[in-house]
Every structure is written in structure tokens, then in C-alpha cells.
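A quick write-up on the structure given underneath.
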Amino acid sequence: MSKEITSKAVDYSQWYNDLIIKGGLADYSAVRGCMVIKPYGYAIWENMRDQLDKMFKETGHENAYFPLFVPKSLFEAEEKNAEGFAKECAIVTHYRLKADPENKGKLIVDPEAKLEEELVVRPTSEAIIWNTYKGWIQSYRDLPLLINQWANVVRWEMRTRLFLRTAEFLWQEGHTAHATQEEAVEETVQMLNVYATFAETFMAMPVIKGVKSANERFAGAEDTYCIEALMQDGKALQAGTSHFLGQNFAKAFDVKFTDKENKLDYVWATSWGVSTRLIGALVMAHSDDQGLVLPPKLAPIQVVIVPIFKGEEQKQLIDEKVKVLQQQLKTAGIKVKYDDNDNNRPGWKFAEYEMKGVPVRIAIGARDIANNVVEVARRDTKEKMSMPIDGLAENIIQLLGDIQAAIFNKAKHFRDDHITDANSWAEFIELLDEKTGFIAAHWDGTSETEDKIKELTKATIRCIPLNNKAEEGKCILTGNSSSQRVLFARAY
RNA sequence: CGGGACGUAGCGCAGGCCGGUAGCGCACCAGGCUGGGGGUCUGGGGGUCGCAAGUUCGAAUCUUGUCGUCCCGACCA
């Protein structure tokens, strides 16, 4: 009983931390605000990455890699972007250390090794990328330019949380250049849809697609599209963003092209990204007090087989049977692990793999072999069933599919139950505090009102949903006229 | 950057008020009994008590300083 998890009803935040640490996803590190992603957590990221990468390539994108460092002068070029990120940038000012003459065995920054121009450790790569694109784009024939980068970025956050907000994090950032505004907007929406599909199909996490209000817009964007998810504590989490950048970066970095009519114009841009934050979202969307609940499509281990035996003779019998089963499951494309480690007893293993969120557990003992069955337990419902050994792989594939669908539906029901209309300020406050979740309310469309609401309630406009229906109403705070409801929530 | 908590074995903690040989649980090592929900018995290894000064015959314990981490908030993906 060495690995107890704090109940999420008692302390949601502690529950989340316990899952990450005890589930073996990540560890605290010696660096403030930075975490170590452990193999099991990294395996989830690899699965996310591989799938997203495939989807990016299917939509015509290529991968490239740009430098970690951005010369300050480039970083400054797009004013709004620079201003937005300035206060969370790490800066390289020197390139050398030397032995401390006053303190043996210690090093100090060599004052003679000061850089002429400081380097910003990228918090995002627009600047370095657009500076590069300038040299790559001359003609409409060079467009569209569709590039993605898998990278790490650094944002010096005041307060960090495992996966949700760390000073350094892994992500992908797509940066595209287009000949027309329409095409750039189309790209922005296309990538938003890729993210939404990924979140719902692979993470089993329902999301709302929408557009950000001006307050929440990416620094330097004309429009920020986003997918918003709901966590089990009723707080919203921005899971991905896709930005229409207009010609802002093209103008800042002087990226022009000649069109078919031989006219010179600035290119139109997009950028879009998702990060390791998705792992935090995944954890908070589905898990319970026994540990992680991972969707089969992203689980590093989809099926674990636990042998139950008395003595070597039984063990050998089981080993032989499992060897065959394991091969059948692998052939069927299932990620399966046989845990015949003799240090831990079955009960310990059951608890351990529940902690780690393995979707399906198969227990097999001499008794089962005699009956030509195995015991199958699903993580999401804890339900146990007996399955015939013959045709096991087909049944397991079916079961994995069922689990994927079940956890999506469960999350979707929860989410749908937590989108509530508020028609008065009093109702708005009560919903925020009691029911939580998304609150659909009228808003007069001004930044001032949004700021005021945030100040009073800590709730922000998560998004204006795409295809939002028009509805005349009065702003929840000011009573001014409004033409549609927007979604408010407290958010991560 | 404000508020709070905590630094003692790999992890989780006690000891501290009242200074006097460094403790517990888990984990680890060797072996036994075990095995269908975190089993059990025996034996064993592991510590400059975050760091630095000070008080004292003597400091994990008292004093001062310092560094670090986590949690809550503002900021943000």
C-alpha cells in the first residue's frame, strides 16, 4: 500500500500530481519549473506525436527544424508578438564560464564572454522562422509553404504545474505562408479540425471548436482559433490553438512574393501548435481515484497479461500458453506486455497497472487454462469477464474499441452536462461556483467587459464557438445588447 | 512577486519544545513459505539530519543567515 492516491474529491490538484508522479509519467527535476518526462509518460507523447505527425503529413506539411536561439533584434520585429512574450523569456547573455579565482572548484560567468547581441531562448518560433522564410519565398510558385517543427520551447512562467505549465515544454508548431487571405484562413481552420479530430478520436476527449476573444488572442495574430476541453473538476483547458496571422509577420520580416499578375504583395500566414500539455489534459479528462485511465489508442501498453501460478510447473504451463497468445495479440497490432516478474504478486500488479491506466488486463492461471479461458478486466469500468482463449485477439480488439468509445462518451456526457446557459449575473455567479463547467452567456463584445468579468469571477471567455447560433440578448454584466452567447469558464 | 508549507536513508515521515551513540514504514539485498486484488517470516545493507556561520564540553535539536522545492494567488499554453 505504498502508492496511495489522494482522492480527487478531497484535493483535485493533489490528485492530479499523485497520478503524474505515481503513475510514472514524470518527475520533478533539479531545475525549478522543469520536469523530467519519464519513459512511460514519454511513450504517451510519442504516440501523440506519431499520430499528429501523420495527420500533418496527410494535410501536406513537412517537418523542419529551426534554432533554439533567436537574436533579440529578430525577436523584437513583430511588436505585438514580442511584447506578449517579453516577460517570460530566458535570455542568453554570455557564452563562456571560467574558474572562479576566489572559490576553488566553482565556476563563474566570464565577463569577457559577453555576447554582442543577446539571444532569446525561443518561447515560440515565429521570429526566427519568418526571418528564414524571407529568403525562401519570392514567387507565388513558392507558396504555399507548409512547415511543421517538433521542438522544445521555454516560457519562464511564474508558477508551473506538471505537464500543464512547465518552464520548458515539448510541442509542435506549424508555420505556413500563403498567397491569399482565404487560403490562410482555410489552413487555420483545417489545422483546428485536425486538432479536434485528434483530441476526440485519439484522446477520447470531446472539445469545443471556437474563436478566441481579442483578450485571449495569440500575441501577433489576427484571429486565434482553439479547441477547448473540460476537465473533471469543471475547469476548462485550452488544448490546442491555430492562429490566422494575417500579414503581420510578413510585414515585420518583409516577406513579399510576386503573384501571377507580377504584383508584389506580402504573404499571409498561419501558425498552430499543441504541446505536452495534452498529456495533462488526457490525465484530467479520464482518470479516477485508482489512477490513470488511458484511451487504448494512446496507451503505451494496451493489454497486460498477469500470470497466476503456484510453483514452477504451473508457471511453465502458463508461460507456454502466454507465448502463443502474446504472439497472436501482437500480430493483431495490439501493444501487449507479459508481466511475469516474480518479485510482485498478482494483487500488486493489478493495482499497479490500474495506476498506470493500462486499458485491458488479462489474468491467466492454471484454472483458466484447464477451462480454455482467460480473465479479462477493463480499466475504465473495472468490469471483469471471462473470455475464451480461442479467438481472443479478435475479442480484445473489439474490447479496446469499446473502451475507446466508452471513455469518450463518458467525457462527452460530462462535458455536455456542464454547458449551461446563464441569463442573469446572479445565475452566472452561482453556476460558476456551484455547477462549474462552461457557461453560455451573452456578452457585449468589449474587452473592458471581459476584463471586468475576469476580475470579478476569474472566469474568462474560453471561446466563441464556431457555427454559434445567433440569438439576441443582453450582456450578462452590462446589459448592453448582444447577438450571441459565448462560453465562459474558469480555466487552467 | 505576495501568502503558506517543507527540506532527516531511494520514497513517505517521526524525533526538535526539554542539546548527550540516528529512528519508523515502504523500497533495496540474501533466503524461506507463498501466489485468483497492493501476502508473510528470518537475516542484512544504506545517513556529513539542505548549506553556512554562531552559542556550547557536546547541535538534527538553540540562534542568525542562506539556498532550494512544493502548494495557493496574480501571469500564462
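Residue numbers begin at 1 in each chain, while the letters A, B, ... track the order of the sequences.
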Counting only side-chain N and O atoms of A/N17, is one of them less than 4.0 Å from OP1 or OP2 of B/C71?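 Indeed, a polar side-chain atom of A/N17 lies that close.
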Under 4.0 Å: is that the gap between some side-chain N or O of A/R161 and OP1 or OP2 of B/A77?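 False: A/R161 side-chain N/O out of range (4.0 Å or more) of B/A77 OP1/OP2.
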Just checking, any donor-acceptor pair under 3.5 angstrom between side chains of A/W15 and A/S13?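 No donor-acceptor contact under 3.5 Å links the two side chains.
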Just to be sure I understand the rule, does [X] reach a base, reach only the sugar-phosphate, or reach nothing, if contact means heavy atoms closer than 4.0 Å?
| X | result |
| --- | --- |
| A/T160 | sugar-phosphate |
| A/E375 | base |
| A/D342 | base |
| A/F169 | base |

So does A/K384 reach the base of B/G36 with its side chain, donor to acceptor, closer than 3.5 Å?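 Flag unset: no donor-acceptor pair detected.
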Has the side chain of A/Q314 got a donor or acceptor atom sitting under 3.5 Å from an opposite partner on the base of B/G35?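 Check fails, no donor-acceptor contact within cut-off.
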Measuring only the P atom in each nucleotide, how far is B/G44 from B/G23? A whole number of Å is fine.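 Comparing P positions in B/G44 and B/G23 gives a spacing of 15 Å.
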Quote, to the nearest angstrom, the P distance that separates B/U69 from B/G12.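 The answer is 16 Å between these two P atoms.
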I'd like a table of atom pairs between the protein and nucleotides 65-68 of chain B - only N or O on both sides, under 3.5 Å - with the distance next to each one.
none

Counting only heavy atoms and a strict 4.0 angstrom limit, can you tell me which residues of residues 358-366 of chain A come near RNA chain B?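 Those residues whose heavy atoms fall under 4.0 Å from RNA chain B, taken from residues 358-366 of chain A in numerical order, are A/R361, A/A363, A/G365.
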Close residues, residues 223-244 of chain A, relative to RNA chain B [heavy-atom separation under 4.0 Å]: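 Within residues 223-244 of chain A, the residues near RNA chain B are A/Q238.
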Above 12 or not: heavy atoms from other molecules or residues under 6.0 Å from NZ of A/K321?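 Open: at most 12 neighbouring heavy atoms sit under 6.0 Å from NZ of A/K321.
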To the nearest Å, how far apart are A/F85 CZ and B/C75 C1'?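 Between C1' of B/C75 and CZ of A/F85: 13 Å.
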A/I5 CD1 - B/G12 P separation (whole Å):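 Distance check: A/I5 CD1 to B/G12 P gives 16 Å.
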With a cut-off of under 6.0 Å to the ring centre and 45° to the axis, is A/K356 in cation-pi contact with A/Y40?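 The answer is yes, since A/K356 meets both limits relative to A/Y40.
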Side chains of residues 199-213 of chain A: which donor-acceptor pairs under 3.5 Å do they make with residues two or more places apart or in other chains?
unit_1: A/E200; atom_1: OE2; unit_2: A/V207; atom_2: N; d: 2.9
unit_1: A/T201; atom_1: OG1; unit_2: A/T197; atom_2: O; d: 2.8
unit_1: A/K209; atom_1: NZ; unit_2: A/N193; atom_2: OD1; d: 2.7
unit_1: A/K212; atom_1: NZ; unit_2: A/E228; atom_2: OE2; d: 2.7
unit_1: A/K212; atom_1: NZ; unit_2: A/Q238; atom_2: OE1; d: 3.0
unit_1: A/K212; atom_1: NZ; unit_2: A/R462; atom_2: O; d: 2.9
unit_1: A/S213; atom_1: OG; unit_2: A/E450; atom_2: OE1; d: 2.8
unit_1: A/S213; atom_1: OG; unit_2: A/E450; atom_2: OE2; d: 3.0

Decide yes or no for A/K335 and A/P300: does some side-chain heavy atom of the first lie under 4.5 Å from some side-chain heavy atom of the second?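 The answer is no, as the side chains (C-beta and beyond) never meet within the 4.5 Å cut-off.
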Which nucleotides of RNA chain B pair, in dot-bracket form (Watson-Crick or G-U under 3.5 Å, | meaning another strand): ((((((((.[[[[.)....(..]]]].((((((.....)))))).....[[[[[..)....]]]]])))))))....
Straight-line distance of A/L170 CG to A/R277 CZ, nearest 0.5 Å: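 These two atoms lie 14.5 Å from each other.
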A/Y353: side chain to side chain donor-acceptor pair (under 3.5 Å) partners, not counting sequence neighbours: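 Counting only residues at least two positions away or on another chain, A/Y353 forms a side chain to side chain donor-acceptor pair (under 3.5 Å) with A/K337, A/D339.
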